[in-house]
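Computation of the quantities below employed the complete heavy-atom set of this structure, encompassing side-chain atoms and omitting hydrogens, waters and symmetry-equivalent molecules. Counting starts at 1 for both ligands and their atoms, following the listed order.
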Amino acid sequence: MRIDRVEATSIFDTRGRATVETTLFAHTFSATASVPSGKSTGEYEACELRDPDGGVTRAVANVNGEIARALTGQRFESLDALDAFLVSLDGTPDKSRLGANALLSVSIAAMRLSALLEGVPLWGAIAKRAGTTPAAPRLYVNVMNGGAHASFKLPFQEYILVISGETPSAFSMAQEMFTKLGERLGRVPMGDEGGYAPTFDTLERPFELLAELVKEFPNTSIAIDAAASQLFHDDTYRLLGKSYTPEELARLYKSLAARFPIDSIEDPYDENAHTDFTRLTAMIGEKILIIGDDLTVTNPTRIKEAARNKEINSVLIKPNQIGTVGEALQAVREVSAARLKTIASHRSGETEDTFIADFAYGVGAYGLKAGGFAQKERLLKYNRLVAIGDEAGTV
Ligand code: PEP
Ligand code: MG
């Protein structure tokens, strides 16, 4: 592939913060990509380059300047070669010189452009590149926001309904469940990820409400993202004003998993609490998914390590945690090699880019976490999955 022109600009994400959007041109084709942005970011993520005032002027300038000069007119044997070139051009272990946001916008646009040039759907191109079998993911629909995404109104960051994605009715069922929950909650604020942000007196109440819904709809269950790095202070975890030791927290998770139809718990402990992860996975990992996010940060080396120590049995994959599509696909390969499950994920600050839906379908991910239905940027990802289902039937 030969890139003729590179153009980047700054756009706003769902929180009204600036993020990078890049367009690549080749022949008469062009492809655009924009990158999301996290709020409860992991300590070991690749560096999102921000100006002191929070803008992305330097990241955009890096794409329009150094990256554009290096790519324009260059012919790349493969997308892997292009991504490796971007990584070496940056030259830092955490992509802090040019910015993981700058690099990923180019990497996704290149993947999209290559699919266009080949005349194949993006999910098909991803599957071919990754050597995976495409399949519809389960839907992880965020319905209630807490933690850092809703000023800690609820202790855990995300309360999610898991819906089997293979059935054609999955989307209408998700929509119906989301609406029903809204009716039961009444007027409440909304959180960062397009879910409701209510307040309850007890830890159990959100689970009771979701369990009632799950009873009414077949093939559904409950997931949470505890995002526990955010709850960890002075060696204990603070939940609704009460402190929990790691052992007490394990007992709480075990009891919740016994009483409610729980599919998974993401980041149950702080990102550095490796032995606590291992103990919990040994305790309840046969029954539910224990998902690494801040723990593993889509980093192939960290995933391998966590798998070796049996810290988790599933991994969240967020391409912007690592900075190129090639490395995110390598992360998926590590997940599969360790026989763990892949859940592809959006970020809490999103754009209209639907790449993550094609990514999830293309790698045959177990699930896709794409937020709640109250934000267009999240809905677009679910709509893209529906369109992919149609394409997959005809291609
Ligand atoms: C998450 O923690 O899984 C998440 C999507 O939130 P953020 O993008 O803020 O990390
Ligand atoms: Mg998370």
Legend entry - Distance-only polar pair, side chains of Ser37 and Arg50, donor-acceptor under 3.5 Å: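 A pair is found: one side chain offers a donor N or O, the other an acceptor, under 3.5 Å apart.
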Inset, instruction - Indicate, with yes or no, if Leu79 and Phe25 share a hydrophobic cluster defined by side-chain heavy-atom contacts under 4.5 Å among Ile, Leu, Val, Met, Phe, Trp and Tyr. - result: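 As far as the 4.5 Å side-chain criterion goes, Leu79 and Phe25 are not connected within one cluster.
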Distance-only donor-acceptor pairs under 3.5 Å for side chains of residues 251-262, two or more places apart:
unit_1	atom_1	unit_2	atom_2	d
Tyr253	OH	Pro268	O	2.7
Ser255	OG	Arg259	NH1	3.2

Legend entry - Heavy-atom side-chain contact between Leu231 and Phe152 under 4.5 Å: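 Yes, at least one pair of side-chain atoms sits under 4.5 Å.
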Inset, instruction - Give me the ring orientation class for Phe178 and Phe373: parallel if the planes are under 30° apart, tilted from 30 to 60°, perpendicular past 60°. - result: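 Answer is tilted, since the angle falls between 30° and 60°.
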Inset, instruction - Would you name the N/O/S atom of Asp225 that lies closest to the Mg ion (ligand 2)? - result: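 Going by distance to the Mg ion (ligand 2), the closest N, O or S atom in Asp225 is OD2.
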Legend entry - the Mg ion (ligand 2) - name of the N/O/S atom of Asp293 that sits closest to it: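 Relative to the Mg ion (ligand 2), the closest nitrogen, oxygen or sulfur of Asp293 carries the name OD2.
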Inset, instruction - Check the pair Trp123, Val120 against side-chain contact (heavy atoms from CB on, under 4.5 Å), reporting the backbone distance first and the verdict last. - result: CA-CA 8 Å; Trp123 57 268; Val120 295; over 6 Å; no
Inset, instruction - Mind listing the closest non-hydrogen atom pair of Ser40 and His149 along with its distance? - result: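 Looking at all heavy atoms of both residues, the shortest contact is OG-NE2, 4.1 Å.
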Inset, instruction - Could you tell me whether the Mg ion (ligand 2) has an N, O or S atom of Glu266 under 2.8 Å away? - result: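 Here the distance criterion (N, O or S atom, under 2.8 Å) is met by Glu266, so yes.
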Inset, instruction - Measure from the Mg ion (ligand 2) to each N, O or S atom of Asp294 and report whether any distance is below 2.8 Å. - result: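 Not a single backbone or side-chain N, O or S atom of Asp294 is under 2.8 Å from the Mg ion (ligand 2).
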Inset, instruction - Please check if atom NZ in Lys310 has more than 12 non-hydrogen atoms from other residues, nucleotides or ligands closer than 6.0 Å. - result: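 Atom NZ in Lys310 is not crowded, with 12 or fewer foreign heavy atoms closer than 6.0 Å.
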Inset, instruction - For ligand 1, list the protein residues that place a heavy atom within a distance below 4.0 Å of one of its atoms, sorted by chain and number. - result: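 Residues near ligand 1: Gly38, Lys39, Ser40, His149, Gln157, Glu158, Glu193, Asp225, Glu266, Asp293, Leu316, Lys318, His346, Arg347, Ser348, Lys369.
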